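The block underneath contains the structure these notes are about, expressed in structure tokens.
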Amino acid sequence: MKKALVCGAGGFIGNHLVNALKLKGYWTTGVDLKLPEFSTSCADEFVQGDLTDPILCNEVVGKGFDEVYQLAADMGGAGFIFTGENDAAILHNSASINLNILEACRIHRAGKVFFSSSACIYPDYNQLDPNNPKCSEDSVYPAQPDSEYGWEKLFSERVYLAYKKQYDLQVRIARFHNIFGELGCWEGGREKAPAALCRKVARCQPGDQIEIWGDGLQTRSFLYIGECLEGIFRLMESDFCGPVNIGSEEMVTINELAGRILSIAEKEADLRHLPGPLGVRGRNSDNALIKQTLGWSPNQSLDIGLAKTYHWIADQVKKKDQQ
Ligand code: NAD
């Protein structure tokens, strides 16, 4: 039986990843500051602890793993990473986790090590035109991410690649583009646009307006969790170390995203645009490299994942509002 360690197993993607690894027959150890919020973990063993502590990382990784998935990060949507208020914590905590995990993987000779990087590493200057953003993997330099969160991911990518080069550690690096789905954070300040809009639409009564940050003409693509997991497994099974985009190429404006959720909910509402933290003007996954290297790319329509996510969040909102 293969053994996998999932760092960040209490978070949205980590929790889904543990479930998927269990279905594949792995023995899994999860580690996180917290347990998953919306389900119990399927991990065979769950260590609740702080991965900024090198002693804990050494202890956990020292149990011996064929595969290590490093997803733990100080993380959130635009309301968390673009305000500037959390920058020092984001840089310090996430970089510490990555340095500690890599060093423990080197010492204990872990098998393959997966690192979840982000589309936030791409330069601001290539994402000014909402209709024509450039996010091919090789466009990352000269570097100019628009957030400290992006700078930390870029720094950590380099550390993973340096460990590969110097210590022959088998690393795999993916740059995720806006992953969404059920069991994700949907309120409280760390939620991302799809979950926040699903919550607003679920609570929307006739005559209400849906609040959108900015003019809503900023573009993004959103990838459903199922296809993200498929991409992670395909990358891990391949000989390609990345970095490679794992994202959807179905680019929409935030206004369109709201419209699609309203139509899934069979509701009508006007949009009200307010000032708020925004991030880059346009972003889309470029899937040329993933197609070339893995012979696969995500292709599910956004509406399929959105419908599942909306119905799950609407259910959560209903339960909460009845309390
Ligand atoms: P998440 O916030 O739900 O999960 C991250 C987990 O890391 C949380 O459960 C958190 O408690 C844990 N964590 C943070 N600091 C820790 C510490 N010191 N010790 C132990 N655990 C700690 O985020 P997610 O959406 O599941 O994202 C997973 C990974 O993918 C992150 O690295 C994130 O940066 C990356 N990513 C996600 C997206 C996305 O759209 N969700 C996009 C790009 C990259």
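Just so you know, these numbers come straight off a predicted model, no measurement behind them. Both counts, for ligands and for their atoms, begin at 1 and track the order of listing.
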Given the rule in the side chain to side chain contact (heavy atoms under 4.5 Å, CB included) test, do Leu5 and Gln70 qualify, once you have shown the distances and angles that lead to the verdict?
CA-CA 8 Å; Leu5 173 66; Gln70 198 323 72; over 6 Å; no
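Comment: Glu250 engages Arg260 in a salt bridge, judged by a side-chain N to carboxylate O separation of less than 4.0 angstrom. By the 4.0 Å N-to-carboxylate-O rule, Lys2 lies close enough to Glu67 to be salt-bridged with it. Classification of Glu157 and Lys153 as a salt-bridged pair fails, no side-chain N sitting under 4.0 Å from a carboxylate O.
Side-chain contact check for His108 and Asn58: at least one donor-acceptor pair (N or O, by modelled atom type) lies under 3.5 Å. Counting only N and O atoms by type, the side chains of Asp286 and Tyr122 include no donor and acceptor under 3.5 Å apart.
A continuous path of Ile, Leu, Val, Met, Phe, Trp and Tyr side chains, each step under 4.5 Å between heavy atoms, connects Leu229 with Phe240, placing both in one hydrophobic cluster.
Here is the list of ligand 1 atoms found below 4.0 Å of a heavy atom in Lys34: 9 (O), 11 (O). In summary, the atoms of ligand 1 found under 4.0 Å from a heavy atom of Asp50, numbered by their order in the structure, are 17 (C), 18 (N), 19 (N). In summary, the atoms of ligand 1 found under 4.0 Å from a heavy atom of Gly10, numbered by their order in the structure, are 9 (O). Atom numbering of ligand 1 starts at 1 in the shown order; those under 4.0 Å from a heavy atom of Gly49 are 19 (N), 20 (C). The atoms of ligand 1 that sit less than 4.0 Å from any heavy atom of Thr52 are 18 (N). Under a 4.0 Å criterion applied to the non-hydrogen atoms of Asn178, ligand 1 contributes the atoms 40 (O).
With a 4.0 Å heavy-atom cut-off, ligand 1 is reached by the side chain of Ile97 but not by its N, CA, C or O. Here Lys153 has side-chain heavy atoms under 4.0 Å from ligand 1, and that is the only part of it that gets that close. With a heavy-atom cut-off of 4.0 Å, Lys192 touches ligand 1 through its side chain alone.
Not a single heavy atom of Asn93 sits under 4.0 Å from any atom of ligand 1. Look at His177 and you'll find every heavy atom at least 4.0 Å from all atoms of ligand 1. Residue contact annotation: Gly76 has no non-hydrogen atom under 4.0 Å from ligand 1.
For the atom pair CG of Leu17 and OH of Tyr26, the computed distance is 9.5 Å after rounding to the nearest 0.5 Å. Atom-to-atom distance recorded for Lys164:NZ and Ile173:CD1 is 9.0 Å, nearest 0.5 angstrom. Rounded to the nearest 0.5 Å, atoms CG (Asp215) and CG (Leu271) are 11.5 Å apart.
Nearest to atom 17 (C) of ligand 1 by heavy atom, out of Leu33, Ile121, Leu17, is Leu33. By heavy-atom distance, the residue among Pro36, Ala89, Ser116, Ala73 lying nearest atom 30 (O) of ligand 1 is Ser116. Taking all heavy atoms of Phe176, Tyr149, Tyr69 into account, the minimum distance to atom 34 (O) of ligand 1 is reached by Tyr149. The nearest non-hydrogen atom to atom 29 (C) of ligand 1, considering only Val6, Leu71, Val47, comes from Leu71.
Taking atom 4 (O) of ligand 1 as the reference point, the nearest protein heavy-atom neighbour is Gly11 CA, 3.4 Å. Considering only non-hydrogen protein atoms, atom 19 (N) of ligand 1 sits nearest to Leu51 N, 2.8 Å. For atom 25 (O) of ligand 1, the nearest non-hydrogen atom of the protein is Phe12 CD2, 3.8 Å.
Looking at Asp32 next to ligand 1, an N or O pair under 3.5 Å apart turns up. Geometrically, ligand 1 and Gly8 share no nitrogen or oxygen pair separated by less than 3.5 Å. For the pair Asp74 and ligand 1, the shortest N or O to N or O distance does not fall below 3.5 Å. Of the polar atoms of Met75, none of the N or O atoms is found under 3.5 Å from an N or O of ligand 1, judged by distance alone. Residue contacts with ligand 1: Ser117 is placed with no nitrogen or oxygen under 3.5 Å of a nitrogen or oxygen of the ligand (distance criterion only). Residue-to-ligand polar distances place Ile13 within reach of ligand 1: an N/O pair is separated by less than 3.5 Å. Between Ala72 and ligand 1, no N or O atom pair is found at a separation short of 3.5 Å.
Remark: Asp321 CG is packed, more than 12 non-hydrogen atoms of other residues, nucleotides or ligands lying under 6.0 Å away. Under a cut-off of 6.0 angstrom, the local environment of NZ in Lys34 is crowded, with over 12 non-hydrogen atoms contributed by other residues, nucleotides or ligands. Within a 6.0 Å sphere centred on CD1 of Ile107, other residues, nucleotides and ligands contribute more than 12 heavy atoms.
Between Phe233 and Tyr69, the two ring planes are perpendicular [angle over 60°; tilted spans 30° to 60°].
A donor-acceptor pair under 3.5 Å is absent between the side-chain atoms of Asn15 and the main chain of Ser41, judged by distance alone.
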